[in-house]
Amino acid sequence: MVTTETARVTTADYAGLVPAWCPGCGNFGILNGVKRALVDLSLEPSRVLLVSGIGQAGKLPHYTSGNVFNSLHGRPMPVAIAAKLANPELTVIAISGDGDAYGEGGNHFIHAMRRNHQITYLVHDNQVYALTKGQASPTSDSGYVTKTTPQGAPFPVNPLVLAIAAGCGLVARSFAGDTNHLAEMIKRGIQHRGFALIDILQPCVTFNRVNTWDWYRQRVYKLDGEAGYDPSDKTVAFEKAQEWGERIPVGVIYEKERPTFEDSMPALAKGPPVKLELKASEAEPLLDEFV
Amino acid sequence: MVTTETARVTTADYAGLVPAWCPGCGNFGILNGVKRALVDLSLEPSRVLLVSGIGQAGKLPHYTSGNVFNSLHGRPMPVAIAAKLANPELTVIAISGDGDAYGEGGNHFIHAMRRNHQITYLVHDNQVYALTKGQASPTSDSGYVTKTTPQGAPFPVNPLVLAIAAGCGLVARSFAGDTNHLAEMIKRGIQHRGFALIDILQPCVTFNRVNTWDWYRQRVYKLDGEAGYDPSDKTVAFEKAQEWGERIPVGVIYEKERPTFEDSMPALAKGPPVKLELKASEAEPLLDEFV
Amino acid sequence: MSIEVNFMIGGEAGQGVQSVGFMLCKALARGGYHIFADQDYESRIRGGHNFFRVRASDSPVGAVIEPLNFLLALNRESIDLHRGELGPDGIVIYDRAKITGIAEGDDLFGVPLEELAEIAGNKVMANTVALGAVAGLIGYDREKINQVLTEQFKGPVGEANIAAAKAGYDFTEQNFKGKTGFRLKQASDARRLLLSGTDAIALGAIAAGCKFIAGYPMTPTTPILEYMASKAKDHNIVVVQPEDEIAAINMTIGAAYTGMRAMTATSGSGFCLMVEGLGLAGITETPAVVVLGQRPGPAIGLPTRTAQEELEFAIYSGSGEFPRAVLAPATIEESFWLTTKAFNLAEKYQTPVILIIDHTIATSYTTVERFDLSKVVIDRGSLYPDKSVVKPEEYKRHQLTDSGISPRAFPGLSRALAITDSDEHDEAGHLIEDAKTRNEQVEKRMRKITGMRNEIAPPRRCGPHTAETTLIGWGSNYGAIREAIDILSKEGTKVNALHLSELWPFPADAMTDALKTCQTTYVVENNAAGQLAHLIRAETGFSVSGRILKYDGRPFTPAIIADKVRRKEVVAW
Amino acid sequence: MSIEVNFMIGGEAGQGVQSVGFMLCKALARGGYHIFADQDYESRIRGGHNFFRVRASDSPVGAVIEPLNFLLALNRESIDLHRGELGPDGIVIYDRAKITGIAEGDDLFGVPLEELAEIAGNKVMANTVALGAVAGLIGYDREKINQVLTEQFKGPVGEANIAAAKAGYDFTEQNFKGKTGFRLKQASDARRLLLSGTDAIALGAIAAGCKFIAGYPMTPTTPILEYMASKAKDHNIVVVQPEDEIAAINMTIGAAYTGMRAMTATSGSGFCLMVEGLGLAGITETPAVVVLGQRPGPAIGLPTRTAQEELEFAIYSGSGEFPRAVLAPATIEESFWLTTKAFNLAEKYQTPVILIIDHTIATSYTTVERFDLSKVVIDRGSLYPDKSVVKPEEYKRHQLTDSGISPRAFPGLSRALAITDSDEHDEAGHLIEDAKTRNEQVEKRMRKITGMRNEIAPPRRCGPHTAETTLIGWGSNYGAIREAIDILSKEGTKVNALHLSELWPFPADAMTDALKTCQTTYVVENNAAGQLAHLIRAETGFSVSGRILKYDGRPFTPAIIADKVRRKEVVAW
Ligand SMILES: Cc1ncc(C[n+]2csc(CCOP(=O)(O)OP(=O)(O)O)c2C)c(N)n1
Ligand SMILES: Cc1ncc(C[n+]2csc(CCOP(=O)(O)OP(=O)(O)O)c2C)c(N)n1
Ligand code: SF4
Ligand code: SF4
Ligand SMILES: [Mg+2]
Ligand SMILES: [Mg+2]
């Protein structure tokens, strides 16, 4: 198929390899949500860059289309950040598992949010290290028993609370079981000016026997159905983000725009840095300063 | 001087090398606060372990007494955590600069708090990388100009907000200019069951020409003077912790006890693991399981 | 005539390939057989193609070999891919109802696995039926199978599985009796241990008194962490799964500084994040045992496969110069003993010790004679006598000594203050700037290398003292090399081997000596660069004649090595 | 007779030692002198003891030497420590009012520095008075000093400083005229650049078209980051100071993948945190230029001093095996050129390139002839032609080729999709498990080494073609070695040198050839292990006769090397 700038983008453009995930895995729903969002936004695959980490979540980019950088465990964020700085015309989506994002990648997570890079971050949150066969993750519920935590996992990290605290511009949660909602959140994330976190509840049918499809389904409720919820109120958002257990809110928990990191970079003034011509003579006036 | 268990601990016991800090540096006040707190608590130096990182702050342990592990930049926390697990009878104090704690060490910071290790964490927050000569730190105010951020530093991290979000049990701020208050906070930290963060406003007279002694003095006010402030209310604390600019609160911003990581470790049941006898025969019954 | 049977269980991830394979090993080991078994699996949890090879023999075995005698095919792909690996009398056991349309042949032994499982209670037990079917084909003691099943599955599930196994057993016994020549009776009464490499290391660590492990999950060493965690309560082991590997190594150092025997385990990517910590252990003179399980790189590479690509990385990594030991067990049994040695070297020389293994060692299973724990030495090195400090200044953590070793005191256990620093420091542990103290401390640390080198084992020679060709190896290739020697010597080619299990400080003198009598020399390594060959030249000046290299992530077999030697199919320098 | 003067400015941190030293260099360089200057400072911001040595000559110089002609002592300690380093006619300039009670001597030239400064406006300008005083003593052109002061201090402050310098100048001219034999007039009209090593690298990077740098501050490479930041606006350079070095290397890779020339700079500890990223660059075939500034380790070690302890670390670090280049400039001038080469190698071979320097190169200043920027080559390697992709599948990021090099396409710049993975992958960049594809990709990557090796410069020979003794060096020791040869040859000892500036892929054939004519061979290295000697043996089998090692954090001087050669004071293998 010859795609041209004007051709409509369809789901077929986002076809990819056959997923190596377990049947019934929540990741399939996420994959569909990603495709739906990109098609809805009419983004050509060649204008999209998917940067992922290592884990089951990290494989997603191979199962759709676009530019792909499948990076190290915990490290998609710095790769994504630099790619966006190098070419701000790209739509850059970073993809992690909960271990990738909040464990190994925790430091990048905090700092990417405070600096407010123009990235949409999708975290497949199955509350477990799936690819390595079921150890506790930073989001595993307190007391969650695994082979490395026979005494039960410690107090978890709440990524949404942390994101609000770190200055994230758009903080949202969605559920792998609701592709429409998820696609909506991803679109919101891409359209948000600044960093957007979408933490996605993702059942892992093989290793997480506690936070199952049913477990999530029984608890998840949509925030936009909540009368008067104001996602721009940080304190309200902080409280809402802490809600976990009997009821789990999904939707945009917090949103507030502020200047992005890219805004502060004088280097981007002349357009995408990657398009600048390279010439040695540029250093000529600098030499004068050393005479 | 022969110190014995019963001898009174005095400031002399906490004498150390001559500091290599600049005259007028806020670190001197912090050093005094640390000594005062340890003497007030009658802690023998041999029962105290000071684990520091690299930076001006990281040198502190050499200027007093106690067991000392001056570790890598950004890494005092994991060393401190393990030492505490190995010998819970030690009073373990971790010491960092703002770069050490919130930059290089950011991931350990978040996770140490959520797991709630029994550590007191002193962060000398001078809002600058001092030892490396004045680059922006994660707590540098927005727009702060340094040689690496001529366009001004990006949005800073607020360590107290982050700490509350990550589940820290005791979240406090103090000021290097008020040794009494600081000593008080350090004592509160040591006495708190669980992780205690004391972020200490520390003027760097050489590199930070914005957040000076005067700048802090004009803004700092004590929270305990604030009628009805309830540090056990997380939402209130979250709001208070965000206060920065014209007025900067010092004192205990948030405190709530919850089970510590040590509590969850079955290995500690028989006393300090470091005191257990090592014998190969312990593996004998395990061999049977492989027959 | 020696008895030897070679099985493969093949199927998708999630089909239970590993568990059937393991139970078969266990049952055969209980019958006194020597076992060597390896696993081939993908970096996914369901689907794809996995297999598990089990070799059982009445004499010790240390590698997988070709051809197969039994292929237990849990899916079609297993037949497509591996039928060709069967020997002349080889047999495929499969479910004729599920797998159809394969080329007919005498090798096909159809068993209604799912049907029999359903009758026994649930078709998920098809694997157990298969296990029973294999046992039936070789006429193996039913009791041994039942025992293993009872241990694996408790209560009523166990009973159902026993019924399922019985169904499989009865079926093959009734339908195929006499159609195969393999009969495995009890080989001996030996009660050997059946262990993987990670089991052996975890046991070695516990026997050595290690009560602290911090580790971030990573194939292939996660099972060490998991095993230690499973024993945390009963054996008072502090087990921490921290946020990343940087925390893991620094925790290991923190615990060791405080006086515990402490370790961490990882593989290449995680080890990358630990190398700054190695230097910290080096300069603070803190023992730290690090298990490095190699898999093919660079970066993530092939996460579930084998390699030997990080020898030079293990030896040279970290900022600055400091002593370290690098030990590379050749077998699962040696993994146990070198783990205990690692702790002794680490504590005696107060420096990091890296136990480098390959994925094959980590994930294979073998039978070993029960470890005689009375032979385990726990040598904690030089300790500062308790209570002897009157003034805190008296104790100097980094005291200059002839051996370079300064007595250790631990914080809080006496009045001695343990003071140390990642900056260059004086004897007392305080940071310094002057050249003289710097020189003293560098030289002190470097002197420890002399002591360590004296404790390093020389290369082990296998086969005849002199030979036309000498194979030089390290790590798990030991098993395959040894059998390659046998194959070649049966053909009249005199081949021997030099195997290095203790690689750093490099036993240069012993190696130089050993090489003197060698003619043609080939290293055998699972990498593309020939790192051991390079190291040997760096340390002795000796250049090997050629390199037998394999970097596809799969282990060597004896036949592959023998073939390369025969054809002189080696990579020149 | 050649003119040559040797100055030292000594004082506490915070007293302005560095700025006086630098201004002196600048003023002398403007007079056509060749300069070599180095810095000795502690890891603290105020206090302690610092000194700055300036050597000015009418012919090119590349090292500091003994003895001193002028010691500008800003505090007492400087006199105590360095008076003994003065030559027969040496002079101490100091403030007699502030520093009292020193043993009298003809060498003491007291100048009321603070008093004169106060008269000129403020006693903080005592340093400027001192600068003027030195200039007065050597009768140097006042205008040159004034120029430099005006550039350094703007407006009225500049004028006050000019007055202060004048006061110092007048004082020494009036009081000490004729008491010293050193007169420095304009040496030539040459308009050379005065640069530190980090300046040269930053300029090289900008000339090479590097417009992306991510770096976390660390001595001695922070100034590269800072310089690039100062030019960010005018030269459209993206400069990021991220949270840690892990982010820095991964950002560098991200930017390079997207099509920019990108770099990062650090020293040992930070490099430790980057080695996982090296492997990522290796397997994703992404160019990445990493500057590694060495200081004495292990761990933090001596943060503000010099070392060469990370050569083997640079070469062997990272998980798995992948091609890389390691370049080690011998001089500040070469730092510029090798930086431009680093970008070319990185992009042509799509792999990481490490520019390894020592603290001495980084922080010394020297004069160099103005770089001819028309000689700078920007070779971006094989690029996939734009717009040529009809189906996205057509472009294969990791296409197999004879050279191992696959054309690069950048995301978003054409329809070609740039797909890559840290897992082993196929040509299209998707992760794989099979042995065949694995082998193809390993071999493809390794083939790039052949191309790279052809671009590596052979060792440079200095001195006579044959000699009794050959000194083998790398990094900043080049300057000292060259002068050591001169010293020894004047004594009638024939010595030459082989210097390696491009160390990996190691130029093994050229080195083997070069070594053929050598008799006694000594490596000269700032480390305790003799890493270059070890590398040479690993790569060529050649064992050097001995090692001249220095690991106290201070640079070699020509005299130290000459002395060691004379006394054969070398470390044997
Ligand atoms: C540095 C490093 N450490 C550890 C690993 C091993 N590893 C691979 S995936 C993974 C965790 C996966 O968990 P998560 O990120 O939650 O992803 P999931 O598989 O659950 O989707 C780990 C620890 C690695 N590849 N690299
Ligand atoms: C891994 C690593 N990166 C960088 C450095 C260099 N370094 C030393 S101290 C420091 C920052 C100091 O800032 P901070 O932690 O705020 O301490 P301060 O000096 O301000 O007290 C840095 C970047 C290092 N030692 N190790
Ligand atoms: S292991 Fe869990 S996360 Fe991974 S593919 Fe299977 S169900 Fe999904
Ligand atoms: S540089 Fe700043 S933080 Fe460091 S000692 Fe001086 S005043 Fe204190
Ligand atoms: Mg997960
Ligand atoms: Mg600071």
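Letters A, B, ... mirror the listed sequences (proteins, then strands); counts begin at 1.
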(message) At a 4.5 Å cut-off on heavy atoms, which part of A:Ala130 comes close to chain C: side chain, backbone, both, or neither?
(response) backbone
(request) Answer with side chain, backbone, both or neither: which region of A:Tyr102 has an atom nearer than 4.5 Å to a non-hydrogen atom of chain C? (result) neither
(request) Please name the pair of heavy atoms, one in C:Ser43 and one in A:Lys59, separated by the smallest distance, quoted to 0.1 Å. (result) O-NZ, 2.8 Å
(message) Once rounded to the nearest 0.5 Å, what's the spacing between atom CD of C:Glu245 and atom NE2 of A:His73?
(response) 7.0 Å
(request) Tell me, for C:Tyr216 versus chain A, whether the close heavy atoms (under 4.5 Å) come from the side chain, the backbone, both or neither. (result) side chain
(message) If we define contacts as heavy-atom pairs under 4.5 Å, which of A:Ala136, A:Pro138, A:Gly106 has the most with chain C?
(response) A:Ala136
(message) Given heavy-atom pairs under 4.5 angstrom as the criterion, report whether the side chain, backbone, both or neither of A:Leu131 touches chain C.
(response) both
(request) Give the minimum heavy-atom separation between C:Pro217 and A:Tyr129, together with the two atoms involved. (result) CG-CD2, 3.7 Å
(request) Pick whichever of C:Lys233, C:Arg44, C:Glu243, C:Met228 has the most heavy-atom pairs under 4.5 Å with chain A. (result) C:Arg44
(request) Measure the spacing between OG1 of C:Thr219 and NZ of A:Lys133 and express it to the nearest 0.5 Å. (result) 7.0 Å
(message) So for A:Pro150, is it side chain, backbone, both, or neither that comes closer than 4.5 Å to the heavy atoms of chain C?
(response) side chain
(message) Taking A:Gln135's backbone N and O only, do any of them form a donor-acceptor pair with C:Gln241's side chain (distance below 3.5 Å, no angle check)?
(response) no
(message) Out of the candidates C:Val240, C:Val239, C:Leu225, only one should pair with A:Thr148 under the side-chain contact (heavy atoms from CB on, under 4.5 Å) rule; please name it.
(response) C:Leu225
(message) With rounding to the nearest 0.5 angstrom, report the OG1 to CD1 distance, A:Thr206 to C:Ile45.
(response) 7.0 Å
(message) Quick check for you: among C:Thr304, C:Ile246, C:Asp244, which has the greatest number of heavy-atom pairs under 4.5 Å with chain A?
(response) C:Asp244
